[in-house]
Amino acid sequence: LYEGKAKQVFRTDDPENVNFYFEAFLRSMLANAHCGIPSDCPHRERLGYTGDGQLVCESALLTLDSRTFFEKWLEDILDCQDRKTGHVQHTAPFNGGGGGPGGWGGAVVLVPWALYRVHGDLSVLRRSLPAMRKYLSCMESFCEDGLVVREIEGGWCLGEWCTPDPVSLPEPFVNTYFYLKCMRLADEAARLVGEPAIYEAAIQRSQRAWTAAFYDPETDSYCHSAQGADLFALDLGLAGEALAERTYRRYLEDPVFDTGIFGTELLLGFLADPDRAEGLAALLSSEKYPSFGFMKKQGATTLFENWNGAESHDHPMFGGGVKHLFYGLAGVQAAPGFSEISLRPPRQRRLRFIECSLSVNGAELKVRYDYGKDGLRARVETNRPGNLYFEGKTYPLSLGANSLELRLTE
């Protein structure tokens, strides 16, 4: 099916929906990986959009042994960066195309960070840090009172993209979210390579401005919870437990996507918490519109550009959340470079079994969870040290094969 290129496996007992998301992503990526460029589609624009590529990078690194591919593409991003302004182009290699300063330009931070997470190589952060800082200086020039409100003259200034209904999230809301996220990651990268963190004051200023502009204390929501807006705040740690619980219940009770390309990845990441896995399973099992199951019902074999099937039928960008099949449904938690692997089996009752294998950076892992009425059986094969955590208990994992009987509590 994948021409022998996919070293990883992910399966559940729901092949029509959950498994489809994994398989459709692999087909979409393989159709869009040419000459070291992750293109947006193989038939129309065929460009290395930085927004699309940064979204899918970590999922592709996990599933397609694509380290050198994305290291090469990172060099394209760095090479295309404006030497004077620090602006990051919307495509790499640059060949036109529109986008926005946050979700697209942020690739100069987010792609090296994904490479570090999966492969643990600090040199990619050290090499990219000067470019990250040039980009963030450029983003500062796009700000008014701490909010990112513009792009380069004559350029697009997109925020979210490809929501089911016309985009209603304000561009400054989304672009300032990426500005905050990238400043945090750039400071963390600096600490890891022994450089000073320099963005704390700017982070605090923009957080205050973002909250003042977009948070409604009366409803405890951001942008009235439209199109997954609360997920952006939750990802930044700026939302409380009450909002987190309401957000979880909302998607559990009505498992459809109201999100665009960035909010979809955030939604799947939010639900990847082991205690929210029932919501993740519900959303990925859904066949209602908009959902990946709905795409499958329309005859999709690759991921659509739009939830309703308009325009391209082969765009990998919505596959950015495939990594959360492993991190969420399979409960895989790994140190950078997969030097250590721990497992947190999800608390869910919707899927009867969840199975995956990973072969990443020398780490080999096979996991299978079989769910019964009162618990689950976990079978794990690993060549890395780690633990399995479940219901407040810790189970050390031996190198080699492990088998555990675990009980679910209400």
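What you are looking at is a predicted structure, and each value in this text was computed from that prediction instead of being measured. One is the number of the first residue; the rest follow in order along the sequence.
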For the student: nearest non-hydrogen atoms of Val332 and Cys356, plus distance: CG2-SG, 4.5 Å
Do Ser285 and Asp14 get their side chains close enough for a donor-acceptor pair, meaning under 3.5 Å? yes
Do the non-hydrogen side-chain atoms of Phe232 and Leu169 ever get within less than 4.5 Å of each other? yes
Start with the C-alpha distance between Tyr49 and Gln89, add both sets of side-chain angles, then the distance that settles side-chain hydrogen bond (donor to acceptor under 3.5 Å, both in side chains), and finish with yes or no. CA-CA 9 Å; Tyr49 276 96; Gln89 308 295 349; over 6 Å; no
Hey, does Leu47 have a side-chain heavy atom less than 4.5 Å from the side chain of Ser39? no
Around atom NE2 of His224, are there more than 12 heavy atoms from other residues, nucleotides or ligands closer than 6.0 Å? no
Using a strict threshold of under 4.0 Å (side-chain N to carboxylate O), is an ion pair present between Glu278 and Arg350? yes
How close do Leu122 and Tyr116 get, heavy atom to heavy atom, and via which atoms? CD2-CE1, 3.5 Å
Is it the case that the ring center of Phe257 lies less than 6.0 angstrom away from the ring center of Phe292? yes
Asp254/Arg250 under salt bridge (Lys or Arg N to Asp or Glu O under 4.0 Å): CA gap, chis, key distance, verdict: CA-CA 6 Å; Asp254 186 19; Arg250 172 186 174 186; over 6 Å; no
How far apart are the C-alpha atoms of Val108 and Thr50, what are their side-chain angles, what is the distance that settles it, and do they pass the side-chain contact (heavy atoms from CB on, under 4.5 Å) test? CA-CA 9 Å; Val108 76; Thr50 44; over 6 Å; no
How close do Pro255 and Ser286 get, counting heavy atoms only, and between which atoms? O-OG, 2.8 Å
Rounded to the nearest 0.5 Å, how far does NZ of Lys323 lie from CZ of Phe25? 9.0 Å
Between Arg191 and Glu188, is there a salt bridge with N-O shorter than 4.0 Å? yes
For Leu343 and Ala330, which heavy atoms make the closest approach, and how far apart are they? CD2-O, 4.1 Å
Lys/Arg-Asp/Glu bridge criterion (N-O < 4.0 Å) met for Arg117, Asp121: no
Sidechain N-carboxylate O distance under 4.0 Å for Glu355, Lys366: no
Go through the steps for Ser128 and Leu74 under the test side-chain contact (heavy atoms from CB on, under 4.5 Å), then give the verdict. CA-CA 9 Å; Ser128 304; Leu74 175 58; 3.6 Å; yes
The side-chain contact (heavy atoms from CB on, under 4.5 Å) partners of Arg133 (sequence neighbours excluded) come to Leu129, Ala190, Glu195, Ile198, Tyr199
Beyond-backbone contact of Val18 with Leu329, side-chain heavy atoms, under 4.5 angstrom: yes
Would you say the ring centers of Tyr215 and Trp210 fall short of 6.0 Å from each other? no
Taking the six-membered ring for Trp and the full ring for Phe, Tyr or His, determine whether the centres of Trp104 and Phe262 are under 6.0 Å apart. yes
For the residue pair Val380 and Leu388, what are the closest heavy atoms and their distance? CG2-CD1, 4.5 Å
So, Tyr369 versus Phe353, ring centres under 6.0 angstrom or not? no
If I take atom CZ from residue Arg276 and atom CG from residue Leu271, how far apart are they, to the nearest 0.5 angstrom? 7.5 Å
Quick one: pull up CG in Leu280 and CZ in Phe270 and give me the separation to the nearest 0.5 Å. 11.0 Å
Are Asn19 and Thr12 linked by a side-chain donor-acceptor pair shorter than 3.5 Å? yes
Assess the residue pair Asn387 and Ser342 against the criterion (side-chain hydrogen bond (donor to acceptor under 3.5 Å, both in side chains)); give the C-alpha distance rounded to whole Å, side-chain angles, the decisive distance to 0.1 Å, and a yes or no. CA-CA 5 Å; Asn387 298 302; Ser342 295; 5.0 Å; no
Six-ring centre of Phe142, Arg150 cation under 6.0 angstrom, axis tolerance 45°: no
Measure the shortest side-chain to side-chain distance between Leu406 and Glu391 over non-hydrogen atoms and say whether it is less than 4.5 angstrom. no
Under the salt bridge (Lys or Arg N to Asp or Glu O under 4.0 Å) criterion, do Glu140 and Arg205 qualify, and how do the steps go? CA-CA 11 Å; Glu140 177 67 21; Arg205 181 177 68 250; 3.1 Å; yes
Without hydrogens or angle criteria, can the side chains of Glu151 and His90 be said to hold a donor-acceptor pair below 3.5 Å? yes
Before accepting this row, confirm whether a basic side-chain N of the pair Glu200/Arg184 lies closer than 4.0 Å to the acidic partner's carboxylate O. no
Quick test of your reading of the model: are Lys296 and Glu287 salt-bridged, counting only N-O distances below 4.0 Å? no
Pairs flagged by ring-ring contact (aromatic ring centres under 6.0 Å, His included) wherever residues 59-79 is involved - sequence neighbours left out: none
Assess whether a salt bridge exists between Glu340 and Arg384, defined as any Lys/Arg side-chain N lying under 4.0 Å from an Asp/Glu carboxylate O. no
Evaluate Glu265 against Leu267 for side-chain contact (heavy atoms from CB on, under 4.5 Å), listing each step before the verdict. CA-CA 5 Å; Glu265 192 278 326; Leu267 174 54; over 6 Å; no
The test is salt bridge (Lys or Arg N to Asp or Glu O under 4.0 Å); show your working for Glu71 and Arg67 and say whether it passes. CA-CA 6 Å; Glu71 286 176 340; Arg67 177 179 182 176; 3.0 Å; yes
Between Phe318 and Trp307, does the ring centre distance come in under 6.0 Å? yes
Heavy-atom closest pair (Ala131 atom, Leu78 atom, distance to 0.1 Å) is CB-CD2, 3.4 Å
Would you please name every residue forming a side-chain contact (heavy atoms from CB on, under 4.5 Å) with Pro170, sequence neighbours left out? Pro172, Phe173, Phe214, Cys223
Chi angles and distances behind the side-chain contact (heavy atoms from CB on, under 4.5 Å) call for Glu171, Trp156: CA-CA 11 Å; Glu171 287 86 357; Trp156 292 22; over 6 Å; no
Can you check side-chain hydrogen bond (donor to acceptor under 3.5 Å, both in side chains) on Thr259 and Thr264, steps first, answer last? CA-CA 5 Å; Thr259 47; Thr264 293; 2.8 Å; yes
Hey, are Arg46 and Asp40 close enough for a salt bridge, meaning a charged N less than 4.0 Å from a carboxylate O? no
Is Glu16 salt-bridged to Lys297, cutoff N-O under 4.0 Å? no
Residues Thr63 and Gln8: side-chain donor-acceptor under 3.5 angstrom: no
Using the rule given for side-chain hydrogen bond (donor to acceptor under 3.5 Å, both in side chains), can you reason through Glu364 versus Ser359, listing the C-alpha separation, both sets of side-chain angles and the distance that settles it, and then say yes or no? CA-CA 5 Å; Glu364 302 288 340; Ser359 177; 2.9 Å; yes
Decide yes or no on salt bridge (Lys or Arg N to Asp or Glu O under 4.0 Å) for Asp273 and Arg344, but give the supporting numbers first. CA-CA 9 Å; Asp273 183 289; Arg344 295 184 182 272; over 6 Å; no
Is the shortest side-chain N to carboxylate O distance from Arg246 to Asp220 below 4.0 Å? yes
I'd like to know whether CZ of Arg352 has more than 12 heavy-atom contacts from other residues, nucleotides or ligands below 6.0 angstrom. no
If you count every heavy atom of other residues, nucleotides or ligands that lies below 6.0 Å from Asp13 atom CG, does the total exceed 12? yes
